Amino acid sequence: MIQRIAIIGLGTMGPGMAARLARGGLQVVAYDVAPAAIERAGSMLGVAEGVLDALGIAVPPAGAGTVRFTDDIADAVSGADLVIENVPENISIKADVYRTIDSLIASDTIVASDTSGIPITKLQAHISHPERMVGMHWSNPPHIIPMIEVIAGEKTAPHIVTTIRDLIRSIGLLPVVVKKDVPGFVENRVLYALLREAVDLVERGVIEPEDLDTCVSWGIGYKIAVIGPMALLDMAGLDIYKSVSSFLNADLSNRDDVAPMVLEKTNASKLGIKSGEGMFSYTPEQTKALQGERARKLVAVRRILEGRE
Ligand SMILES: NC(=O)c1ccc[n+]([C@@H]2O[C@H](COP(=O)([O-])OP(=O)(O)OC[C@H]3O[C@@H](n4cnc5c(N)ncnc54)[C@H](O)[C@@H]3O)[C@@H](O)[C@H]2O)c1
Ligand SMILES: Cc1ncc(C=O)c(C(=O)O)c1O
C-alpha cells in the first residue's frame, strides 16, 4: 500500500501535486536541487490548498496527509513507497536522478515519471529493476485537473500499473491507462497537434494571437470539455468529417521541427509567464491576478461538469 511519496522536482508541477496528494491522505516529502524552488514551493502550497478547499476536495476519514520539504535527496526518498520524478523534460537530467536514487531506495519502490512524453521504455534503461518504473503524467495545474495518464514501458510489471491506477482512483482522481508507450502518450499527442496548427496560423499571419485564443477557447475548448472528440464526431456526423478531412487534412501543418516563432522567443528567453514574456507579456501583478482568475474559473467549471452546482 502506498502511504509515503517522494516528489523530486518542485517547479511548475511539483507543489500542486504535493498539495493534491496530501489532501488525499498521503505523506509527501518534496525535494528540489534548487533552494529557491523549495522556498517558492512552500509558498505555493497554501495557495493550492485554498483551491482544493474551493473545489470541495474532502479530507479522507483517516485525516489529511502532510507535505514536508527537504534539501536532501536521501532524506526525500528514504522509506518512500513511491518516488515521483518531476524534473525537466530532458533524458539526461532524469537519468541522473534515477542513478542518484537507485542506491537510496528499496528494489521494489515504485518510480513514476511525470514526463510529458518521453517513452517510459527509454527512461527504464536508466534504472535498476525497470519493472517498477511507470509513467504518471499529470496535467497542469495538477491540483485542479483530475485526469492522470498511466503508462507502462516495455519492462513495467502489470501490477505496477494497477497499483498506480488504484492509488489515483483512491484519492478521487481520474486515471486513464494508455495502452501503448507512444511518444507524448495521448493527452500531449492531441494537445500538440492543436498547438502545432495554432502556432502555424499565428506565424503565417492568418490570425492574431488573442483572436486565436478566443476562437479555440469558445469555439472548441468550451464544447470539448462536455463532448469529447469521439462523441463530437458523432454529433457533427461522420459524413461531414469525411468530406472536410478529405480536403483539409492535406492543408494542415505537418512541420516536423520546432516553429521558427517559438525558437526565436525561446532563444531570447521569452518563455511565457515564468519569464514575464512569451506569446503575451505579464507583469508580476498581472501574473498573480491571472493565476487567481484562472483558478477560480477552472474550479467553477469543474464543479459544474461534476454536477456539483
Ligand atoms: N509544465 C507543464 O505544464 C507540465 C505538465 C505535465 C508534465 N510536465 C512534465 O513534468 C516535468 C517537470 O515539469 P515542470 O514544468 O514542473 O518543470 P520546471 O522546469 O518548472 O521544474 C523542474 C524543477 O526540477 C528541478 N530540478 C532540476 N534538476 C533536478 C535534480 N537533479 N533534482 C531535483 N530537482 C531538479 C528544478 O530546479 C526545477 O525546480 C517534466 O518532465 C515536464 O515535461 C510538465
Ligand atoms: C504546452 C504543454 N505541454 C505539456 C503539458 C503537459 O505535459 C501541458 C499541460 O499539462 O498543460 C502543456 O500545456
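Hydrogens, waters and symmetry mates are skipped; everything else that's a heavy atom, side chains included, is used. Note that ligands are numbered from 1 as they come in the structure, with each ligand's atoms numbered from 1 the same way. Just so you know, these numbers come straight off a predicted model, no measurement behind them.
Listed by chain and number, residues touching ligand 1 at under 4.0 Å (heavy atoms only) are Ile8, Gly9, Leu10, Gly11, Thr12, Met13, Tyr31, Asp32, Val33, Ala34, Ala37, Asn86, Val87, Pro88, Glu89, Ile93, Lys94, Val97, Asp114, Thr115, Ser116, His137, Trp138, Asn140.
Remark: side-chain polar atoms of Lys270 are not paired, donor with acceptor, to backbone N or O of Glu277 under 3.5 angstrom. Side chain of Arg302 to backbone of Ile144: a donor-acceptor contact under 3.5 angstrom is found.
Under the side chain to side chain contact (heavy atoms under 4.5 Å, CB included) criterion, Glu187 pairs with His137, Ser139, Met147, Glu149, not counting sequence neighbours. In terms of the salt bridge (charged side-chain N to carboxylate O under 4.0 Å, His left out) criterion, Asp108 has no residue partners (sequence neighbours excluded).
Note that the CG atom of Leu82 and the CG atom of Leu26 stand 9.0 Å from one another [nearest 0.5 Å].
Between Asp53 and Arg23 a salt bridge is recorded (basic side-chain N to carboxylate O distance below 4.0 Å). Taking a cutoff of 4.0 Å between a charged side-chain nitrogen and a carboxylate oxygen, Asp81 and Arg132 do not qualify as a salt bridge. Using a cutoff of 4.0 Å between basic side-chain nitrogens and carboxylate oxygens, Asp96 and Arg99 are scored as salt-bridged. Between Asp181 and Lys155, no side-chain nitrogen of the basic residue sits less than 4.0 Å from a carboxylate oxygen of the acidic one, so the salt-bridge criterion is not met.
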Between the protein and ligand 2, which nitrogen or oxygen pairs come in under 3.5 Å, and how far apart is each?
residue: ligand 2; atom: 3 (N); partner: Tyr192; partner atom: OH; Å: 2.7
residue: ligand 2; atom: 7 (O); partner: Ser116; partner atom: OG; Å: 2.7
residue: ligand 2; atom: 7 (O); partner: His137; partner atom: NE2; Å: 2.7
residue: ligand 2; atom: 7 (O); partner: Asn188; partner atom: ND2; Å: 2.8
residue: ligand 2; atom: 10 (O); partner: Asn140; partner atom: N; Å: 3.0

